[in-house]
Amino acid sequence: MKKPLTALALILAAVAGGWAELCGWQLPTISWAFTASREVPLLHCAGGNCPWLAADGTFQWFGWLCMLLLFAAGLFVLCCRAETLRPAPQNVNRWQRFRSMKRGYRSLLALAGIVLLAALDQCLVGHRALAVQYNGAWHFPAFTRAVIPASTFGVQGVDGLAEANYRRMADEAGTPGAAQRVIMPPVPYEPTADAVPFPREPLSHHHGTLHEPDGTTRYNGLACRFHPNGTMHLRQRFRDGRPDGHTRGWAPDGHEVYSARHENGELREERYTGKGTVQEFLQATAETDFCRVHYHPAPPLLDGHLLGTDSQGADILAYLYGGLQVNIKAALFYLPLIYAVGLTMGMLMGYLGGRFDLFTQRGIEILSQLPFLFVVMILSDLVPAELRGLVLTLGLMAVFGWMQMTYLIRTATMREKTRDYVAAARTMGAGAFYIMRRHILPNLISIIVTLVPFSVAAVILSLTSLDYMGFGLPETYASWGRLLNDGLSKLSCPWVVSAAFCALVLILLLVTFIGEAVREAFDPHRHSHYE
């Protein structure tokens, strides 16, 4: 039953991705290929030749190519014989040995769970509502590619032309004139480009003095009161719960109209230039409490920010989630590319030998001497801003990332070339490429599988390092390296650097534990006690 189910899942994913693209929908994970195609100019073209596939006037050829490959993979699994897909007995034994290593196996399960959470995408993290019920009609903003204007939900004026504020709609849901129901993601913030207002912490007022939220300790510091439209009304300094120092006040339109100075709770100086009397201005927000405003970076557990905010006002939990997705996308693009080049060049060098091997080694030596960081710095200045992104960064990393693997594959191929089964294949008239594909490559699986976890760790560390130094991805991408840089520049706010550090260490530990277990499971000299 596993074969039909796997094939059906691949085919359905390809069909769903293509259908969603034509209908203007955006599905979690499946639509990643089309999203990447829109973000990179080289991955799409004008839709004149294929107007029926160009949903928004441009042909996303990279996205359609990914859907075609996914569909072809499903057909291949469905049509090929069961014997072709059945793993070899030695691979079954290796899997059993891997499962017996509890630390590596549990790390694999934990990493698979994390990847599954990242695949849910906007279902878990995002500022758009999953579903909105307004006047009896249902809307699904998180799953539509087009922006739904706020006028659709009854917002009038200029604000109705912009996208709706779904977090505010969720707070007002059920009230007259508002949406009947708004379903938000568990983390209702976007990883980037979603600066949130400064979190506020209400203070308590008892017996004419201002107290901390616990209601017992008298408050010392700045406290603020806000107009109903969200703009600041009063900003006042308190000492021992009583006004002491300067006070400033603003009208609802943001103009400063009031200033005063208190000493020991007594008013010493006052100036007012607004409409009405001073008493009317001061009593405009008398029914609201004073709040302590936490400027960014804000600490955790305030206004729904479980891990706090960074210096740009982004929710750290949402930012970490976006960084995790970037790392997964990087691994999915980077690993097939470097393994395709590294395996091909290594097998050709080891099997053909001679001048090809000699000249290729000299070329690799020259390329490996180029300073990678300097190349990245130069290209960061030369490449136009619209071409910068994940594809360019991974392309540069791939240029330098395949060479170390090539030497390992070359050595293994030279060893396998001397085996009797290769000599027998030559005697039967098999060509070089047939021998490498059907005989040598299957015997290199142990080396390839052993290298994969450490390659994943390498690409994550490389991306983090480049972003930390400022030569990696643009700011439109969430990056753990940029978050580390932000946290280390503000050590007075330890939750920022702690969140980035813990996320990076957790992923690298899981990948390392998996790599160690795979290496032992595939090592014929170290697994005898597991059988």
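In what follows, every heavy atom counts, from backbone to side chain, and hydrogens, waters and symmetry copies are set aside. Predicted model, so just to flag it, every value in this text is computed and none were measured.
Within the 3.5 Å criterion, the main-chain N or O of E190 finds no donor-acceptor partner in the side chain of H127. When atom types are taken as modelled, the side chain of T418 and the backbone of R415 share a donor-acceptor pair closer than 3.5 angstrom. No donor-acceptor distance shorter than 3.5 angstrom exists from the side chain of Q26 to the backbone of R145, with no hydrogens or angles considered. Within the 3.5 Å criterion, the main-chain N or O of A33 finds no donor-acceptor partner in the side chain of S37. Between the side chain of W402 and the main chain of A340, no donor-acceptor pair closer than 3.5 Å is present. A distance-only check finds no donor-acceptor pair linking the side chain of N485 to the backbone of G481 [under 3.5 Å]. The closest donor-acceptor contact from the side chain of Y339 to the backbone of V452 lies under 3.5 Å. For T192 (side chain) and T476 (main-chain N/O), a donor-acceptor pair under 3.5 Å exists by modelled atom type. With hydrogens and angles ignored, the 3.5 Å screen pairs a side-chain donor or acceptor of T144 with a backbone N or O of P141. A donor-acceptor pair under 3.5 Å is formed between the side chain of Y321 and the backbone N or O of L117.
Listed by chain and residue number, nothing satisfies the ring-ring contact (aromatic ring centres under 6.0 Å, His included) test with Y334 (two or more places apart in sequence, or in another chain).
With rounding to the nearest 0.5 Å, the separation of CG in L75 from CG in L70 is 10.5 Å. Here CG of L441 is found 13.5 Å from CD1 of I435. Values are rounded to the nearest 0.5 Å. One distance of note links CE of M469 with OG1 of T464; it measures 10.5 Å at 0.5 Å rounding. Separating the CG atom in L396 from the CD1 atom in I378 is a distance of 11.0 Å, to the nearest 0.5 Å. To the nearest 0.5 Å, atom CZ of residue R362 and atom CG of residue L367 are 13.5 Å apart. Taking CD1 from I364 and CD from Q404, the interatomic distance works out to 11.5 Å, rounded to the nearest 0.5 Å.
You'll find the side chain of S462 stays beyond 4.5 Å of the side chain of F372, heavy atoms only. The closest side-chain heavy-atom distance from L130 to P185 is below 4.5 Å. In this structure, L488 and L491 have side chains that are in contact, with non-hydrogen atoms separated by less than 4.5 Å. You'll find the side chain of F143 reaches within 4.5 Å of the side chain of C123, heavy atoms only. The shortest side-chain heavy-atom distance between L335 and V456 falls under the 4.5 Å cut-off. Here the side chains of I114 and L510 are in contact, with some heavy-atom distance below 4.5 Å. Side-chain contact between M67 and E21: absent, with no pair of heavy atoms (C-beta onward) separated by less than 4.5 Å. By the 4.5 Å heavy-atom criterion applied to side chains, M397 and L463 are counted as neighbours.
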Original post:
Please walk me through it: do M347 and L444 pass side chain to side chain contact (heavy atoms under 4.5 Å, CB included)?
Top reply: CA-CA 10 Å; M347 292 177 64; L444 302 180; 4.0 Å; yes
**OP:** Show your working on side chain to side chain contact (heavy atoms under 4.5 Å, CB included) between M405 and M345 and close with a plain yes or no.
**Re:** CA-CA 10 Å; M405 179 201 314; M345 298 302 297; over 6 Å; no
Subject >> From CA spacing to verdict: side chain to side chain contact (heavy atoms under 4.5 Å, CB included), L111, I514 >> reply: CA-CA 9 Å; L111 186 62; I514 294 171; 3.7 Å; yes
**OP:** I would like to know whether W61 and L43 meet side chain to side chain contact (heavy atoms under 4.5 Å, CB included); could you show each step before the answer?
**Re:** CA-CA 6 Å; W61 65 264; L43 300 183; 3.9 Å; yes
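For R438, the CZ atom counts as loosely surrounded, since its 6.0 Å shell holds 12 or fewer non-hydrogen atoms of other residues, nucleotides or ligands. Atom CZ of F374 sits in a sparse spot, with 12 or fewer heavy atoms from other residues, nucleotides or ligands closer than 6.0 Å. Other residues, nucleotides and ligands place more than 12 heavy atoms under 6.0 Å from the CZ atom of R437. Heavy atoms from other residues, nucleotides or ligands lying under 6.0 Å from CD of E475 number 12 at most. Surrounding CZ of F433 are at most 12 heavy atoms belonging to other residues, nucleotides or ligands under 6.0 Å away.
Between Y319 and A478, the shortest heavy-atom distance links the atoms O-CB, 3.5 Å. Residues I447 and A412 approach most closely at CD1-CB, 3.4 Å, considering heavy atoms. Taking each heavy atom of A7 and G74 in turn, the nearest pair found is CB-O, 3.3 Å. Nearest heavy atoms, I11 versus F71: CG2-CE1, 3.5 Å. In this structure, F356 and M349 approach most closely via the heavy-atom pair CE2-N, 3.8 Å.
Ionic pairing of D486 and K490 is present here: one or more N-O contacts between side-chain nitrogen and carboxylate oxygen are shorter than 4.0 angstrom. With salt bridges taken as basic N to acidic carboxylate O contacts below 4.0 Å, none links E520 and R97. Ion pair R167/D194 flagged as a salt bridge, since at least one NZ, NE, NH1 or NH2 atom sits closer than 4.0 Å to an Asp/Glu carboxylate oxygen.
Under the 6.0 Å cut-off for aromatic ring centres, H296 and F198 qualify, their centroids lying closer than that. You'll find the ring centres of F501 and W480 outside the 6.0 Å limit.
A donor-acceptor contact closer than 3.5 angstrom is absent between the side chains of D467 and Y477.
Ring-plane geometry between Y421 and H439 is classed as tilted, the angle between the planes lying from 30 to 60 degrees on a 0 to 90 degree scale.
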